[in-house]
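Following this message is one structure expressed as structure tokens.
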Amino acid sequence: MTGPESEGVQLRRAVCPGSFDPITNGHLDIIARASKLYDVVHVVVMINQSKQGLFTVDERIGLIRDVTAEYGNVEVEAYHGLLVDYCKERDIPAIVKGLRAVSDFDYELQMAQMNNGLSGVETLFVPTSPTYSFLSSSLVKEVAAWGGDVSHLVPPAVLAALTERLPGKRRG
């Protein structure tokens with residue numbers, strides 16, 4: 001191994017978890033900000049067998065890798081299981097989560113406290129940019145499915161994938 005870790009320097013590492021079906025500009029805002037604070041940011045696509053996604057896990061990973069390549073310190077992979085186990089397996093001490101509204105905080109605080117109690121992993125909350133405070137993958141998929149313009153809500157590669165997957169129904 002070469003680089004800082006081989007010289008005994010501990011890299012600052014964090015994880016940004018989610019389903020990312022698909023990744024949006026809101027997700028990218030949080031990942032970009034985390035990438036400025038940490039040496040390595042792990043973006044982990046959490047696998048939920050009970051949910052059928054629009055994109056496969058491999059497609060999501062490919063899209064995330066494509067749109068985060070410019071940061072240079074983002075690693076992307078999928079994981080099935082508890083996020084705290086992912087963190088323990090990789091010695092990651094921090095989870096970074098974006099908060100859109102107070103309603104997000106109620107749920108995320110409980111999750112953060114549970115994760116810390118289970119493993120000692122800390123959760124850092126980053127307020128979402130006001131530009132993206134309403135944005136969710138579900139809303140993007142719904143608008144795109146009806147032929148609405150989501151070009152300002154997702155990166156170009158994601159827009160192309162959405163356009164291909166959802167031809168866009170028109171009401172009439």
Taking 4.0 angstrom as the limit, do R90 and E77 come out as a salt bridge?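 A salt bridge is present here (some side-chain N lies under 4.0 Å from a carboxylate O).
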Set out, in order, the CA-CA distance, both residues' side-chain angles and the distance that settles side-chain contact (heavy atoms from CB on, under 4.5 Å) for V96 and R33, then state yes or no. CA-CA 10 Å; V96 176; R33 291 159 66 192; over 6 Å; no
Between D104 and K97, is there a salt bridge with N-O shorter than 4.0 Å? no
Any idea which heavy atoms bring G98 and I30 closest together, and the distance? CA-CD1, 3.7 Å
Main chain of R13, side chain of D39: is a donor-acceptor contact present, judged purely on distance under 3.5 Å? no
Gap separating the CG atom of L63 from the OG1 atom of T68, nearest 0.5 angstrom: 10.5 Å
V143 to V150 - nearest heavy-atom pair and separation: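 Closest heavy-atom pair between V143 and V150: CG1-CG1, 3.6 Å.
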Cluster overlap L83 with I47, hydrophobic side-chain contacts below 4.5 Å: no
Okay, side chain of N115, backbone of V84: is any donor-acceptor separation there less than 3.5 Å? no
Identify which one of V45, I31, V140 satisfies the side chain to side chain contact (heavy atoms under 4.5 Å, CB included) criterion when paired with I23.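 That would be I31.
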Same hydrophobic cluster for V74 and V126, using side-chain heavy-atom links shorter than 4.5 Å among ILVMFWY?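 Hydrophobic grouping puts V74 with V126.
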Smallest separation among heavy atoms of C87 and V121, with atom names: CB-CG2, 3.8 Å
Spatial distance of atom CG (L166) from atom CH2 (W146) [nearest 0.5 Å]: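 Here the interatomic distance stands at 12.0 Å.
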Over all atoms of both residues, closest heavy-atom pair of G53 and R60: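 Smallest interatomic distance, heavy atoms only, reads CA-NH2, 3.9 Å.
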Do I95 and Y86 come close enough that some side-chain heavy atom pair is under 4.5 Å?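 Contact flag for I95/Y86 side chains = no.
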Going by heavy atoms in the side chains, are F55 and L162 under 4.5 Å from each other? yes
Taking atom CD of E142 as the centre, report whether more than 12 heavy atoms of other residues, nucleotides or ligands fall under 6.0 Å from it. no
Are D149 and S151 linked by a side-chain donor-acceptor pair shorter than 3.5 Å?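 Indeed, the side chains of D149 and S151 share at least one donor-acceptor pair under 3.5 Å.
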Where do C16 and V41 land on the side-chain contact (heavy atoms from CB on, under 4.5 Å) test, with the steps shown first? CA-CA 7 Å; C16 290; V41 175; 3.9 Å; yes
ILVMFWY cluster, I61 and V158 together (side-chain gap under 4.5 Å):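 Linked, I61 and V158 end up in one cluster.
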Using modelled atom types and a 3.5 Å cut-off, is there a donor and acceptor pairing between side-chain atoms of S137 and backbone atoms of P22? yes
Is there side-chain contact between L159 and T163, with at least one heavy-atom pair below 4.5 Å?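 In contact.
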What distance do T24 atom OG1 and K141 atom NZ have between them, rounded to the nearest 0.5 Å?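 That separation rounds to 11.0 Å.
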For the side chain of R100 and the backbone of T128, is there at least one donor-acceptor N/O pair under 3.5 Å apart?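 Checking the backbone N and O of T128 against the side chain of R100, no donor-acceptor pair under 3.5 Å is found.
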Locate the shortest heavy-atom distance separating H42 from V40; write the atom from each residue and the value. NE2-CG1, 3.6 Å
Is L82 reachable from Y79 through a run of I, L, V, M, F, W or Y residues, each pair having side-chain heavy atoms under 4.5 Å apart?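 Unlinked, Y79 and L82 end up in two clusters.
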Does CD belonging to E164 count more than 12 external heavy atoms closer than 6.0 Å?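 Atom CD in E164 is not crowded, with 12 or fewer foreign heavy atoms closer than 6.0 Å.
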Heavy-atom check, side chain of Y38 versus side chain of L124, under 4.5 Å: yes
Give a yes or no on whether M46 and L54 share a hydrophobic cluster (residues Ile, Leu, Val, Met, Phe, Trp, Tyr; joining criterion: side-chain heavy atoms under 4.5 Å apart). no
Can you tell me how far the CD1 atom of I64 sits from the CD atom of E75, to the nearest 0.5 Å?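 Atom-to-atom, I64:CD1 and E75:CD are 13.5 Å apart.
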Heavy atoms only: give me the nearest F20-V44 pair and the separation to one decimal.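 The pair with the smallest heavy-atom distance is CE1-O, 3.5 Å.
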Rounded to the nearest 0.5 Å, how far does CD of E108 lie from OG1 of T123?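 The distance works out to 8.0 Å.
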In Å, rounded to the nearest 0.5 Å, how long is the span from OG of S35 to CG of L28? 10.0 Å
